[in-house]
Amino acid sequence: HPSAASHLRPYPAPRSAARRRSPPAGAWHPPAPMVSRDARLALLLLAHLGLPRWSLAFVMPAKHRLEAAMPTTPRVHVLTVAGAANVDYTASVQDAVLATMSPDDRYTTLCEPSCLEASAGRLRGVVEIAPEDAFPGGACTRKGYNCTGYELAQMRFVYGLVSQVRSALESGGELAQWYLLKDDDTLVDVNGLLSQVCGYDPAELISFAYPISCPGAPPGRFWIAGGRGWLLSGALAARLARDHGEEWVRLEAERIRS
């Protein structure tokens, strides 16, 4: 399960040559997995930034050689929620993630106003989201005070996904097969992640996430920890944005303001 990988799990040591057996003549033998070079680079970046290994919430333990031709449809659209105050850090993590992506994959930074100026071109695909645009009824206030930066960032997860998917649908553009919503400090080996879900059909309603129980909520109700990363199929992203976008944004605004 992709969302269950909270750290890199090393492969077991290979068996000794004496115990290793050759496959029968003519038998098909699957290629041995190889440790992802990009994952090792991500670990080095973590050490450089002084972060714990569990920050690699979505880095897969391995990636495999892809024999099939690259599809014309973008495999994944990565949506990263960021702020203008930590541009250097955000750009470092972004570059590590981009190193594991293919040229046709998409990357968007969902940021607060002033982010374009602060980033000075270092962040990829910056989309500034103003509170008065994201929150129904205008600016965000909570118990008589303006919402904190953390609370505003929570809305960028929901509003950012809805607005990006709707923009693609309305322009007649092609949706990605998968959408990955994450925080700006979440490192991802994108090729490794996609190799783990290659057996799933993105035309179906599929979600991989880390669920958190809602206090007092009925059984089966839970929150999704978006910071760790939420991978959803293109079909599910389209259904949520097209059919439930307004209600989803409204409910998220009510939750943040309450």
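The structure places CG of D88 at 9.5 Å from CG of L123, a figure rounded to the nearest 0.5 Å. Rounded to the nearest 0.5 angstrom, M101 CE and Y107 OH are separated by 8.0 Å. Put simply, SG on C140 and CG on N146 are 8.0 Å apart, with the number rounded to the nearest 0.5 Å. One distance of note links CD1 of I129 with OG of S163; it measures 5.0 Å at 0.5 Å rounding. Here the CG atom belonging to L236 is positioned 8.5 Å from the CZ atom belonging to R239, to the nearest 0.5 angstrom.
Side-chain atoms of R142 come within 3.5 Å of backbone atoms of I256 as a donor-acceptor pair (strictly under, hydrogens ignored). Of the possible polar contacts, none joining the D183 side chain to the D185 backbone as a donor-acceptor pair under 3.5 Å is found. No donor-acceptor pair under 3.5 Å is formed between the side chain of S102 and the backbone N or O of D105. In terms of modelled atom types and a separation under 3.5 Å, the side chain of R122 and the main chain of S119 share a donor-acceptor contact. Checked by atom type and distance alone, the side chain of T100 pairs as donor or acceptor with a backbone atom of V190 at under 3.5 Å. The main-chain N or O of D104 is never found under 3.5 Å from a side-chain atom of R75 such that the two would form a donor-acceptor pair. Checking side-chain atoms of E247 against main-chain N and O of H244 turns up no donor-acceptor pair under 3.5 Å. A donor-acceptor contact shorter than 3.5 Å is absent between the side chain of E204 and the backbone of A235. S167 places no side-chain N or O within 3.5 Å of a backbone atom of Q164 that could act as its donor or acceptor partner. Between the side chain of E252 and the main chain of Y159, no donor-acceptor pair closer than 3.5 Å is present.
Here the side chains of L193 and V76 are not in contact, with every heavy-atom distance at 4.5 Å or above. Within the 4.5 Å cutoff, side-chain heavy atoms of L152 are placed close to those of F135.
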Query raised in the report: Between V188 and K182, does a side chain to side chain contact (heavy atoms under 4.5 Å, CB included) hold up when you go through it step by step?
Result: CA-CA 9 Å; V188 186; K182 71 178 193 69; 3.6 Å; yes
Report task. Go through the steps to decide whether E174 and T73 satisfy the test side chain to side chain donor-acceptor pair (under 3.5 Å), and finish with yes or no. Result -> CA-CA 7 Å; E174 200 165 23; T73 302; 2.8 Å; yes
Report task. Might you work through the side chain to side chain contact (heavy atoms under 4.5 Å, CB included) test for L181 and L110, ending with a clear yes or no? Result -> CA-CA 10 Å; L181 191 62; L110 306 172; 4.3 Å; yes
Report task. Kindly determine whether L161 and L232 satisfy side chain to side chain contact (heavy atoms under 4.5 Å, CB included), including the steps that lead there. Result -> CA-CA 11 Å; L161 176 63; L232 59 161; 4.1 Å; yes
Requested in this report: Given side chain to side chain contact (heavy atoms under 4.5 Å, CB included), test F208 with Y200 step by step and report yes or no.
Outcome: CA-CA 11 Å; F208 294 103; Y200 295 90; 3.7 Å; yes
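Here the shortest heavy-atom pairing between P202 and Q177 reads CB-O, 3.0 Å. Taking each heavy atom of P113 and A130 in turn, the nearest pair found is CG-CA, 3.8 Å. In terms of heavy-atom proximity, A82 sits nearest to T90 at CB-CG2, 3.9 Å. When every heavy atom of A118 is checked against every heavy atom of A84, the shortest pair comes out as CB-O, 4.0 Å. The two atoms that bring A134 and P136 nearest to each other are O-CD, 3.5 Å, heavy atoms only. When all heavy atoms of D184 and G83 are compared, the closest pair comes out as OD2-N, 4.2 Å.
Cluster membership for W230 and V249, using ILVMFWY side-chain heavy atoms within less than 4.5 angstrom, is shared. In the hydrophobic clustering of ILVMFWY residues, with side-chain heavy atoms under 4.5 Å counting as a link, V126 and V78 come out apart. V87 and Y89 fall into different hydrophobic clusters, where Ile, Leu, Val, Met, Phe, Trp and Tyr are joined by side-chain heavy atoms under 4.5 Å apart, directly or via other members. A continuous path of Ile, Leu, Val, Met, Phe, Trp and Tyr side chains, each step under 4.5 Å between heavy atoms, connects V127 with V81, placing both in one hydrophobic cluster. Under the 4.5 Å side-chain heavy-atom criterion for ILVMFWY residues, no single connected hydrophobic cluster contains both L251 and M155.
Remark: E117 CD is loosely packed, at most 12 non-hydrogen atoms of other residues, nucleotides or ligands lying under 6.0 Å away. Annotation for R106: atom CZ counts as buried by contact number, over 12 foreign heavy atoms lying within 6.0 Å.
Every pair passing ring-ring contact (aromatic ring centres under 6.0 Å, His included) that includes a residue from residues 163-196 is listed here, sequence neighbours excluded: H77-Y179.
Classification of R124 and D95 as a salt-bridged pair fails, no side-chain N sitting under 4.0 Å from a carboxylate O.
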